[in-house]
Number of protein chains: 2
Amino acid sequence: MAQTQTFSKNQRIVLDIVEKAKGPLKAYSILFNVQKKGINAPQQIYRALDKLIEAGKIHKIESKNAFVACKNSNCEVSKATAFSICESCEIVDEISDTKLSKYLSKFNHKKGMKFKRFNLEFFGLCKKCKIK
Amino acid sequence: MAQTQTFSKNQRIVLDIVEKAKGPLKAYSILFNVQKKGINAPQQIYRALDKLIEAGKIHKIESKNAFVACKNSNCEVSKATAFSICESCEIVDEISDTKLSKYLSKFNHKKGMKFKRFNLEFFGLCKKCKIK
DNA sequence: TAACGTTTGTTATAATATAACATATTTTAG
DNA sequence: CTAAAATATGTTATATTATAACAAACGTTA
Ligand SMILES: [Zn+2]
Ligand SMILES: [Zn+2]
Ligand SMILES: [Zn+2]
Ligand SMILES: [Zn+2]
């Protein structure tokens, strides 16, 4: 069972914004959104993000330098993340597919490297953008 | 069969540096390396990189903002890339595993999204770094 | 309450990437 | 061959993303 974790003030503020967002948020857009709450500097955002990522509550979409809330509560997804990304509208969806996750977690490189973690990003066109 | 492609002067210079490098290179490190060859501005590097990536000769390691030469000549890997990354020494290795590639290329998201491309990054400790 | 680790606030700066515009070069088509 | 179009280059400036460094406050524990 996953440990219930307590977060600090800034961490809660950042998590809240990211969870309420419809899509991935950039760090500076988070900053802009929380300036009324007394957070003034990028450091404060990046520090909160670091902790939240470590805790698995937030993931970074590496190809976009943006951040999304984890959809899979109580799972170890921060070590096994997969996303689908629409190249047109940029919508991002976290993929939770047990088979895929198991397949990749078992995958081992020939060169003797044992993997601790992976991140997979799929790109394409979402349903809506295909129609247009 | 893959088309033999001709590259422009700057593109060849950048490709050459990246191919000769032992590991991933950052854009500004490429820039530094080619200043004696008359390339002076980041734009010139990024433009060359864009073309080379499109051509599948170079891949971007998204989690590191760095660039590596493609190991798999004559294949369509730019649409199906996988890398192993050592978290200690940061060595990067392009994975060419037909099964893995097929498995992921066939993978389709439930939400009706058809994927065109994916990028997978595995993290762990390489052989050398495990011993230390 | 003292010591320690964590979080915060703040200023400054580093690192990564793109915009915009003027030229030059190469390719294509009439 | 030659005008037009497409591609590539050079250059300056700027935008975006991320970290360094340091001082102060807070929270926990011994
Ligand atoms: Zn998740
Ligand atoms: Zn879309
Ligand atoms: Zn490749
Ligand atoms: Zn290593």
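Every chain is numbered from 1 and lettered A, B, ... according to where its sequence line falls, protein lines coming before strand lines.
In this structure, B/I45 atom CD1 and D/dT11 atom P are separated by 13 Å, rounded to whole Å. The separation between A/R12 atom CZ and D/dC26 atom C1' is 13 Å, rounded to whole Å. Rounded to an integer number of Å, the gap from B/K26 NZ to D/dT19 C1' is 12 Å. Between the C1' atom of D/dA13 and the CD atom of B/Q44 lies a distance of 15 Å, rounded to the nearest Å. For the pair A/Y46 OH and D/dA21 C1', the interatomic distance rounds to 18 Å; values are reported in whole Å. The CD1-C1' distance, from B/I13 to D/dT9, rounds to 11 Å in whole Å. Rounded to whole Å, atom C1' of D/dT19 lies 15 Å from atom CG of A/L31. Rounded to whole Å, atom C1' of D/dT17 lies 15 Å from atom CG of A/L25.
Along DNA chain C, the nucleotide nearest A/Y28 and the nucleotide nearest A/I39 are compared for position; the residue whose nucleotide lies closer to the 5' end is A/I39. DNA chain C is contacted by both A/A48 and A/P42; A/A48 maps to the nucleotide lying nearer its 5′ end (nearest heavy atom per residue). Nearer the 5' end of DNA chain D, as judged by each residue's closest nucleotide, is the contact made by B/N10, out of A/F67 and B/N10.
Contact detail for A/V92 and A/P24: the closest heavy-atom pair is CG2-CG, 3.6 Å.
Counting only heavy atoms from C-beta on, A/Q43 has its side chain closest to D/dA21 among D/dT9, D/dT17, D/dA21.
Judged purely by atom type and a 3.5 angstrom limit, A/E121 uses its side chain to pair as donor or acceptor with the backbone of A/E62.
Relative to the six-membered ring of A/F7, A/R12 misses at least one condition, a distance below 6.0 Å or an angle of at most 45° to the axis.
Side chains of A/S96 and A/N72: a donor on one and an acceptor on the other come within 3.5 Å.
OP1 and OP2 of D/dA8 both lie 4.0 Å or more from every side-chain N or O belonging to B/K9. For A/N65, a side-chain nitrogen or oxygen approaches OP1 or OP2 of D/dA18 to under 4.0 Å.
Classified by interplanar angle (parallel below 30°, tilted 30° to 60°, perpendicular above 60°), the ring pair B/Y46/B/F67 is perpendicular. Taking the six-membered ring for Trp and thresholds of 30 and 60 degrees, A/F118 and B/F122 have ring planes more than 60 degrees apart, a perpendicular arrangement.
Residue B/K60 is classed as a sugar-phosphate contact, given heavy-atom separations below 4.0 Å to backbone atoms only.
Chain B approaches DNA chain C over the interval C/dT16 to C/dA20, counting the first and last nucleotide 5' to 3' with an atom under 4.0 Å from its heavy atoms.
Separating the CD atom in B/Q44 from the CG atom in B/N40 is a distance of 6.0 Å, to the nearest 0.5 Å.
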